[in-house]
Amino acid sequence: MKGSGSAGKRHRVVYLDNAATSFPKPDRVWDAVLEYARDIGANPGRSGHRLAVEAARIVFGCRNLLSRLLGVGDPERVIFTKNATEAMNVLVFSLLRNSYGKNVVTTSLEHNAVSRPLRYWCRHFKIELRVIPCGKDALVNPKDVCEAVDSDTCAVFVNHASNVFGTVTPFEEIARCAARFGIPVVLDTTQTLGTYPVSFSDFDNVIPVFTGHKGLLGPQGTGGFYLPEGVDLEPFIMGGTGSNSESDEQPSFLPDKFESGTLNVHGIAGLSAGVSWVLEKGVEGLRKHEMDLFLHLWEGLKGVKGVVLYGCELWERRVPVLSFNIEGMDPAQVAFSLDRDFGICCRPGLHCAPWAHKAVGTYPEGTVRFSLGAFNTYEDVEVAVDAVKRIAEGM
Amino acid sequence: MCFFFLFKSTTEVMKADAVFSKKGVKYEILPVPKKLSSECGLCVKACGEWKELLNVLLNEKVKVTAVYDEGLGECWKKT
Ligand SMILES: Cc1ncc(COP(=O)(O)O)c(C=O)c1O
């Protein structure tokens, strides 16, 4: 039996891997990529001709839409990188490089995009890495994070929502306690932006990091961060910006300070269309749709004998990412059968987050992860529940 | 009369682009004339009263760095 499939036209599949990358995307995303590629194509900010200006308009338009989504006022503070991982590396290095002997506070829910650069540079700069564990329910208590912050802390890195267990860490309380020490908080919004309402207007020390290809529905190869006025950083990547060309010094103003080299304008054109779609639908509306499906999925799987579900049942602290196991079965085998026998695309294993699995007790086998997106339907959920049931019953 | 408005970065030029286009100002985006020195390669040439035009931009928080007339005399410079 194959999934009836609301995703994609070539393969009739049920796509439940939106936490890895969202699929499908709104048609306007690919229209925008093609329109730029076919009709504009120029390098923004490098030359003064009309096509270069048109390209610069596309990039600026995307900054504007992202600042609206983030609830902030300064589009020039939206910095583009090639993905969240690159943004994290820039921020980890920039925030740690002058902090020899100090400490960094983070949580056990972090993705390797955070934990690996943190581990590496903490060792290099002799910085103490304080990893605040989550409970068995995959929740981090913001108070625990605050207690670990002191006057020797140089930065706090927090995952807004776990890509493994879907649990949300409220960042507001952490931002306020870090602000008392004048410390920046880097927030990994990879799994929340576009699916969970946020606003950063009240926080001068929070640096949200985003990726373009998940909840923002843009193409891969897009991402970045927002640098609030309260945080000053040195750049990590330097080079041509199209500004200050007579000088061999990196520009000191934003976004040029952090955007050397030609941008991925194809991707940014598509990202702009994705974000405009998200803004039109409204994040609240998208969340309602996705969480309705999520609850349907949760209840359905809960009723299947032998299925273990992970993470808390506080729905306001969840995004539509669900990790589960079937007792006595290898998650990789379960995912393989879901794909081969039922046409369901999902992800087994550790999901680039070994710390999180260790904290919840699912290391080293990991879990099977279903992650829902804007284009999933009730039918997708029903196909998935039925498939898991049949696998659990030995088919 | 038309004037050159200079900015630090392409992003600021794009902000000016959005503001002038919204307000119906007659303007063009073009490379900075060789005789002027600017951090950004692009500038905006707009026609009207330079003080009024400048205020339109400053009120919308566009960071203008300088204004020159067509004879390239300096009208205003950010201090
Ligand atoms: C929580 C989290 N952080 C960071 C990343 C890295 O994103 P990217 O692969 O786009 O750099 C991901 C996804 O892969 C993620 O789920």
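Model, not experiment: these values are computed from the prediction. Here is how names work: the chains are called A, B, and so on, in the same order as the sequence lines, proteins then strands, and each is numbered from 1.
The main-chain N or O of Asp17(B) is found under 3.5 Å from a side-chain atom of Tyr27(B) such that the two form a donor-acceptor pair. With hydrogens and angles ignored, the 3.5 Å screen pairs no side-chain donor or acceptor of Lys82(A) with any backbone N or O of Asn264(A). Under the 3.5 Å distance criterion, the side-chain polar atoms of Lys26(B) are left unmatched by any main-chain donor or acceptor of Gly48(B).
Neither the backbone nor the side chain of Arg50(A) comes within contact range of chain B; no heavy atoms are under 4.5 Å apart. In this structure, no portion of Glu28(B) lies under 4.5 Å from any heavy atom of chain A. Contact of Lys15(B) with chain A is made through backbone and side chain together, with heavy-atom distances under 4.5 Å. For a residue to count as touching a neighbouring chain, one of its non-hydrogen atoms must lie under 4.5 Å from one of that chain's; by this rule Ser247(A) does not touch chain B.
Ring pair Phe236(A)/Phe93(A) is tilted by interplanar angle, where 30° to 60° counts as tilted.
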